[in-house]
Amino acid sequence: MEATNNKPAKSSVSAILVMLCTFISRILGYVKIAVIAGFFGATGKADVLNAVFSIPNNLRKLMAEGALSSAFIPVLTESLIKEKDKAVTKGIVRNILAFQVVIIVPLCVLSIVFADFLMTKVFLQFSDPYLSSLAIDLFRWFISYLLLISISAAVMAVLNTLGHFFIPAISPILFSITVVLGIVFFHEYLGIFSMVIGVLSGGLLQVIFQLPVFLKEGYDLKLNFNFNNHYFKKIMKNWFPVLVTASVFTINSQIAIRFASGLETGSSSALSYAIVFWQFPFGIFSASITTVLFPKMSRLAASNNTKELLETVNTGIIQLYSLLLPSGIFIFVMGNEIISIAMQRGAFTAENTALTAFVLRGYAAGIFAAGFFNFLQRFYYSVHNYKKSFIFAIIVCIIDVILSIILKETFLRVGGLAIANTIAFSIGAILMFIDVKKSYPLYDLRLFLKGVAKITLALIIPTILMIFSRTYFDNLWVHGLNITLLIYFLFTALLFSAMVLFFYKIFKIDFIFFLKRRSIK
């Protein structure tokens with residue numbers, strides 16, 4: 001009984017540590033793009049840098065913490081529950097590492113050889129020959145990052161499955177620091193290629209940093225190419241539909257980047273910078289909650305504990321709403337101030353700020369929808385229902401691409417790509433939620449609706465007051481960071497946060513479930 005009571009406390013500490021590390025990582029992400037923007041602004045070179053790095057960054061979602069981890073964690077969890085011999089789970093990990101080497105090394109080699117074709121005919125459409133040539137050279141270096149981040153993600157998945165969240169959560173922090181240092185110290189000699197030093201060094205550091213705990217748990221980086229393993233085959237069986245689903249989103253993301261590269265100069269950078277700022281609250285709240293609850297959902301599904309599984313799903317959704325909705329409202333209203341304070345200096349102008357903030361608003365409107373969709377995907381993965389996840393992913397991406405093609409040709413331009421994404425995820429999240437309720441009659445819809453209604457009501461007054469304040473200080477951001485703008489922004493952020501917490505208290509909203517030992521009742 002005592003051990004059982006300690007589990008929520010351990011989950012609480014883990015979730016808080018993950019959230020803290022994610023917060024620091026996102027802050028450093030701001031520092032990273034501020035450094036990039038300061039040196040390169042939103043020029044053609046910056047467009048190339050952002051567009052090219054997005055390619056291995058998107059591919060890692062297939063071979064790293066995205067698709068492969070989503071298939072890997074449930075099976076590894078199952079083996080830990082069912083197998084008494086630890087050698088079995090060690091063998092699974094060695095198989096995964098070997099599989100990554102078999103797939104990624106040839107992929108990297110082919111990408112380097114055919115970089116010219118890939119950069120000019122497939123991924124990007126820069127009209128300037130100089131920018132196209134620059135993209136080809138950068139891509140040949142950046143693609144090697146895929147191998148490093150994939151190994152790091154496999155180690156991270158093992159540690160998360162074993163209940164270690166803190167060390168894996170620190171590794172992205174080290175990556176951002178290394179990238180920033182690489183640009184600062186080598187920019188004078190290497191120009192935009194200084195980021196290559198930071199990216200590759202940071203990728204290697206992520207692997208090295210996690211190794212002590214990984215090795216202490218009895219695992220290693222040995223490769224086992226004998227794939228005749230029941231659990232490995234199960235991972236591959238699960239991975240393929242997850243891969244197909246994740247590929248849809250990866251292709252969709254690359255299509256958006258390709259569209260942006262064909263628009264006005266600065267569009268690719270505005271899209272990339274806006275996503276980074278959008279990912280700040282999304283990463284802190286959505287990724288943290290999903291990281292902690294996904295292994296739990298996998299364990300409950302493996303134990304056939306449907307009742308508690310659905311309670312966990314409900315808890316996760318309500319908490320996502322309570323955290324992501326106010327975050328989305330804040331960055332929607334204060335977008336110009338956020339971008340101006342963080343980036344408007346050096347080569348980054350007020351016009352760049354306005355464009356990036358416009359794109360950011362498009363993404364901010366759909367932040368909960370994206371988090372909701374992502375969380376329900378993990379629920380489907382935990383119960384090994386990959387077909388439905390794939391179907392909903394296809395629906396989202398088809399809507400996104402169609403709307404992107406239409407909206408980018410309107411006055412919205414690159415902002416239309418963000419709005420298309422928001423509409424698509426909103427429709428996908430609604431359809432997926434309807435399917436969950438239909439497939440699992442035990443799901444408590446009344447609890448969900450009650451939670452959503454209370455949270456929505458609690459946010460009305462804080463939102464109105466923030467908008468009212470914003471109308472009186474509309475142009476403070478134009479001249480970039482200054483003491484008046486900083487004081488106004490900090491005061492608004494603190495006041496909005498305080499009011500949200502106050503009304504959450506009034507409405508008795510348990511807005512951070514893992515700060516307490518009980519779940520929502």
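On a predicted model such as this, the values are computed, not experimentally measured, just so you know.
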* Before accepting this row, confirm whether a basic side-chain N of the pair D116/K121 lies closer than 4.0 Å to the acidic partner's carboxylate O. => no

* Asked: Got a salt bridge between E78 and K234, using NZ or NE/NH1/NH2 to carboxylate O under 4.0 Å?
  -> yes

* Do the rings of F232 and F227 sit parallel, tilted or perpendicular, given the 30° and 60° boundaries? -> parallel

* Asked: So Y386 and Y381, would you call those rings parallel, tilted or perpendicular, with 30° and 60° as cut-offs?
  -> parallel

Validation: residues 171-191 side-chain donor-acceptor distances under 3.5 Å, sequence neighbours left out:
{"residue": "S171", "atom": "OG", "partner": "P168", "partner atom": "O", "Å": "2.7"}
{"residue": "S176", "atom": "OG", "partner": "P172", "partner atom": "O", "Å": "3.4"}
{"residue": "T178", "atom": "OG1", "partner": "L174", "partner atom": "O", "Å": "2.7"}

* Think K388 forms a cation-pi with Y380, using NZ or CZ under 6.0 Å from the six-ring centre and within 45 degrees of its axis? -> no

Treating [X] as the side-chain partner and [Y] as the backbone partner, does any N or O pair qualify as donor plus acceptor under 3.5 Å?
| X | Y | result |
| --- | --- | --- |
| R258 | L124 | yes |
| S111 | I143 | no |
| N95 | N224 | yes |
| N50 | A46 | yes |
| N58 | S54 | yes |
| Q210 | Q206 | yes |
| D47 | S269 | yes |
| S439 | V436 | no |

* Asked: Can L76 and S79 be said to form a side chain to side chain contact (heavy atoms under 4.5 Å, CB included), step by step?
  -> CA-CA 5 Å; L76 189 64; S79 71; 3.9 Å; yes

Of the non-hydrogen atoms in [X] and [Y], which two are nearest, and what is the gap between them?
| X | Y | value |
| --- | --- | --- |
| P281 | F277 | CD-O, 3.3 Å |
| Y145 | P56 | CD2-CB, 4.3 Å |
| F294 | P74 | CZ-CG, 3.8 Å |
| I104 | S150 | CD1-OG, 3.1 Å |
| V383 | A301 | CG1-CB, 4.1 Å |
| V414 | A260 | CG2-CB, 4.3 Å |

* Going through the distances and angles, do I55 and Q254 end up as a side chain to side chain contact (heavy atoms under 4.5 Å, CB included)? -> CA-CA 7 Å; I55 298 169; Q254 286 302 143; 3.6 Å; yes

* Going by the side-chain contact (heavy atoms from CB on, under 4.5 Å) test, name the single residue among L159, N160, V158 that passes it with M156. => N160

* Chi angles and distances behind the side chain to side chain contact (heavy atoms under 4.5 Å, CB included) call for I339, F348 -> CA-CA 10 Å; I339 303 299; F348 200 86; 4.0 Å; yes

* Apply side chain to side chain contact (heavy atoms under 4.5 Å, CB included) to I36 and Y273, showing your working. => CA-CA 10 Å; I36 293 173; Y273 295 150; 3.7 Å; yes

* Assess the side chains of T349 and Q344: does a donor N or O sit below 3.5 Å from an acceptor N or O? => no

* Taking the side chain as every heavy atom from C-beta outward, state whether L200 and V196 have any atom pair closer than 4.5 Å. => yes

Which pairs of donor and acceptor atoms, one on a side chain in residues 358-365, lie under 3.5 Å apart (sequence neighbours left out)?
{"residue": "R361", "atom": "NE", "partner": "F332", "partner atom": "O", "Å": "3.0"}
{"residue": "R361", "atom": "NH1", "partner": "N336", "partner atom": "OD1", "Å": "3.3"}
{"residue": "R361", "atom": "NH2", "partner": "N336", "partner atom": "OD1", "Å": "2.2"}

* **Listed once per pair and sorted, the side chain to side chain donor-acceptor pair (under 3.5 Å) pairs that draw on residues 132-143, sequence neighbours left out** => none

